[in-house]
Amino acid sequence: MKILITLLFILEIIQGVEQCQCSNFTQPQYCTSFQGCYWNGKNCYQPNCTEITQQSKCIAPLCAWYLDKCHDGQQCNFYTDKQICNEIFGCVANDGYCLPYEDCNFQTQDKCNGITPTGIQCFWNSQTQNCIKFQTCNRLSLDNNDCNSIPYCIQKKKQCESFSNLKCSDMESEYDCSRMASYECSWLNDQCESVACSTYTTPSSCSVNSCTWNGSTCLYCPVDNSYSNLIITLNLLISIVLF
């Protein structure tokens, strides 16, 4: 049963990625408000890294921000300049080489959250003030709030569970329900219920959870960018094998 639920949520995420392509936004105000999308006067499109002028939209590891510009993302050994190497998320200059971090051993929160060039996801644990490496939810410690620090995981009784293995109705509080917003969960009538984004018909009503208005319809957009969706999906597939 858990495997079936996981596969269903993987399908939902993939569908969300397909829905939330820049080309599906039909009006400039909705296009430019969606992360990574640009409006060229006629259409909404996903720019190349070198076209991006804002650091906040230059998302690693597909892109890399250095020398005040956005560049195509590369593996760490591509960077030969020590200063540039140290500016790249997940890379560190050491003895003349630019090497990847493998264990998320970043010392500060601003350096921690993100995906390294080698595809490792790092998250900041605000309780212990340290950076943790995410593989699968059931490998996370329950002692230091590591489980609840990851947006895809939640502590249920004595186990760290992936949201992909749970239903909206499994959430017992409004806060826990809000953490499942990426799975179209909403707190209604003192319980957590599944409400599809497609049921909303106006821009104002489509502003809840992971719903995004594209100019004419309400789309389900589970996270901000497709690369993160890919990593989440891979992690969920791994969790199936572990079960």
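Index from 1, following the sequence.
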Engineer: For a quick test of reading the model, state the closest non-hydrogen atom pair linking His71 to Cys58 and the distance between them.
Structural biologist: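 That would be N-SG, 4.4 Å.
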Engineer: State yes or no: do Trp65 and Ile88 share one hydrophobic cluster built from I, L, V, M, F, W and Y residues joined by side-chain heavy-atom distances below 4.5 Å, directly or via other members?
Structural biologist: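 In one cluster with Trp65: Ile88, no.
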Engineer: If you compare all heavy atoms of Thr53 against all heavy atoms of Tyr38, which two are closest, and at what distance to 0.1 Å?
Structural biologist: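 The answer is N-OH, 3.3 Å.
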Engineer: Within the side chain of Lys167, is there an N or O that forms a donor-acceptor pair under 3.5 Å with the backbone of Glu193?
Structural biologist: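 Not confirmed, Lys167 side chain does not pair with Glu193 backbone.
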Engineer: How long is the span from the CG atom in Leu99 to the CG atom in Asn77, to the nearest 0.5 Å?
Structural biologist: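 Here the rounded value is 8.5 Å.
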Engineer: What distance separates Cys49 SG from Leu62 CG, expressed to the nearest 0.5 Å?
Structural biologist: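 The CG atom of Leu62 is 6.5 Å from SG of Cys49, to the nearest 0.5 Å.
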Engineer: Which heavy atom of Tyr30 sits nearest a heavy atom of Gly215, and at what distance?
Structural biologist: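 In terms of heavy atoms, the two residues are closest at CD1-CA, 3.5 Å.
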Engineer: Tell me whether Gln27 contacts the main-chain N or O of Asn214 through its side chain, where contact means a donor paired with an acceptor under 3.5 Å.
Structural biologist: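 Judged by distance alone, no pair lies under 3.5 Å.
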Engineer: With a 2.5 Å cut-off on the SG atoms, do Cys206 and Cys218 make it?
Structural biologist: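 Judged by the SG atoms alone, which are under 2.5 Å apart, Cys218 and Cys206 are bridged.
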Engineer: Look at the SG atom of Cys122 and the SG atom of Cys112, then say if they are under 2.5 Å from each other.
Structural biologist: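 Unbridged: Cys122 and Cys112.
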Engineer: Tell me whether Gln129 at atom CD has more than 12 heavy atoms from other residues, nucleotides or ligands lying less than 6.0 Å away.
Structural biologist: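 Result for CD/Gln129: enclosed.
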Engineer: Where the side chain of Tyr152 meets the backbone of Ser164, is there a donor-acceptor pair that is under 3.5 Å apart?
Structural biologist: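 Side chain of Tyr152 to backbone of Ser164: no pair is present.
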Engineer: Yes or no on side chain to side chain donor-acceptor pair (under 3.5 Å) for Asn48 and Thr50, after CA distance, side-chain angles and deciding distance?
Structural biologist: CA-CA 5 Å; Asn48 296 322; Thr50 53; 5.2 Å; no
Engineer: Before giving the answer on disulfide (SG to SG under 2.5 Å), spell out for Cys104 and Cys131 the whole-Å C-alpha distance, their side-chain angles and the decisive distance to 0.1 Å.
Structural biologist: CA-CA 6 Å; Cys104 295; Cys131 194; 4.9 Å; no
Engineer: Taking all heavy atoms of Phe134 and all of Leu140, pick out the closest pair and write down the distance.
Structural biologist: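 Nearest pair, atom of Phe134 first, then Leu140: CD1-CD1, 4.3 Å.
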Engineer: Please answer whether the main-chain N or O of Tyr97 pairs with a side-chain N or O of Asn94 as donor and acceptor at a distance below 3.5 Å.
Structural biologist: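 No; judged by distance alone, with no hydrogens or angles, the pair does not exist.
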Engineer: Rounded to the nearest 0.5 Å, what separation is found between the CZ atom of Phe34 and the CD atom of Gln29?
Structural biologist: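 Those atoms lie 15.0 Å apart.
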Engineer: Mind running disulfide (SG to SG under 2.5 Å) on Cys22 and Cys31 for me, showing each step along the way?
Structural biologist: CA-CA 7 Å; Cys22 296; Cys31 167; over 6 Å; no
Engineer: Looking at every heavy atom in both Cys70 and Ile52, which two are closest together, and how far apart are they?
Structural biologist: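 Smallest interatomic distance, heavy atoms only, reads CB-O, 3.5 Å.
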Engineer: Do Cys160 and Cys153 have their SG atoms under 2.5 angstrom apart?
Structural biologist: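 Cystine link not detected, SG atoms outside the 2.5 Å cut.
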Engineer: Hey, what do you get for SG (Cys177) to CE (Met171), rounding to the nearest 0.5 Å?
Structural biologist: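 Between atom SG of Cys177 and atom CE of Met171 there are 8.0 Å.
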Engineer: Is the closest side-chain donor-acceptor distance between Tyr45 and Gln21 under 3.5 Å?
Structural biologist: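 Not at all, the side chains of Tyr45 and Gln21 share no donor-acceptor pair under 3.5 Å.
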Engineer: Let's go through Tyr200 and Val195 carefully: what are the C-alpha distance in whole Å and the side-chain angles of both, what is the deciding distance for side chain to side chain contact (heavy atoms under 4.5 Å, CB included) to 0.1 Å, and is it a yes or a no?
Structural biologist: CA-CA 9 Å; Tyr200 300 112; Val195 181; 3.2 Å; yes
Engineer: Out of curiosity, does Leu166 fall in the hydrophobic cluster containing Tyr220 (side-chain heavy atoms, cut-off under 4.5 Å, transitive links)?
Structural biologist: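 Yes, same cluster.
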Engineer: What pair of heavy atoms forms the shortest contact from Asn148 to Ile154, and how long is it?
Structural biologist: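 Answer, listing the atom of Asn148 first, then Ile154: OD1-CA, 3.5 Å.
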Engineer: Between the side chains of Gln55 and Tyr66, is a donor N or O closer than 3.5 angstrom to an acceptor N or O?
Structural biologist: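 The criterion, which ignores hydrogens and geometry beyond distance, is not satisfied for Tyr66 and Gln55.
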Engineer: Say you draw a straight line from OG1 of Thr212 to CZ of Phe25; how long is it, rounded to the nearest 0.5 Å?
Structural biologist: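 Those atoms lie 5.5 Å apart.
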Engineer: Parallel, tilted or perpendicular: which fits the ring planes of Tyr183 and Phe163, with parallel below 30° and perpendicular above 60°?
Structural biologist: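 Answer is tilted, since the angle falls between 30° and 60°.
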Engineer: First locate atom NZ of Lys133, then atom CD1 of Ile150, and finally report the distance between them rounded to the nearest 0.5 Å.
Structural biologist: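 Nearest 0.5 Å value for the NZ-CD1 distance: 12.5 Å.
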Engineer: In this structure, which one of Cys44, Pro28, Ser23 forms a side-chain contact (heavy atoms from CB on, under 4.5 Å) with Cys37?
Structural biologist: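 Of all the options given, the one that passes is Cys44.
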Engineer: Quick one, Gln75 and Pro100 - any side-chain contact, counting heavy atoms below 4.5 Å?
Structural biologist: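 No, too far: nothing below the 4.5 Å cut-off.
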Engineer: Is Cys85 close enough to Cys91 that their SG atoms are under 2.5 Å apart?
Structural biologist: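 A disulfide is absent here, as the SG pair of Cys85 and Cys91 is separated by 2.5 Å or more.
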Engineer: Would you say the side-chain atoms of Asp146 and Asn125 include a donor-acceptor pair closer than 3.5 Å?
Structural biologist: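 On atom types as modelled, these side chains qualify, holding a pair under 3.5 Å.
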Engineer: Once you find the SG atom in Cys137 and the one in Cys147, is the distance between them below 2.5 Å?
Structural biologist: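 Between Cys147 and Cys137 there is no disulfide, given that their SG atoms are not under 2.5 Å apart.
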Engineer: Are the side chain of Asn189 and the backbone of Gln191 linked by a donor-acceptor contact shorter than 3.5 Å?
Structural biologist: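 Between the backbone of Gln191 and the side chain of Asn189 there is no qualifying donor-acceptor contact (under 3.5 Å).
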Engineer: Within the supplied structure, the quantity of interest is the number of heavy atoms (other residues, nucleotides, ligands) at a distance under 6.0 Å from Glu172 CD; does it exceed 12?
Structural biologist: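 For Glu172, atom CD is not crowded (no more than 12 foreign heavy atoms under 6.0 Å).
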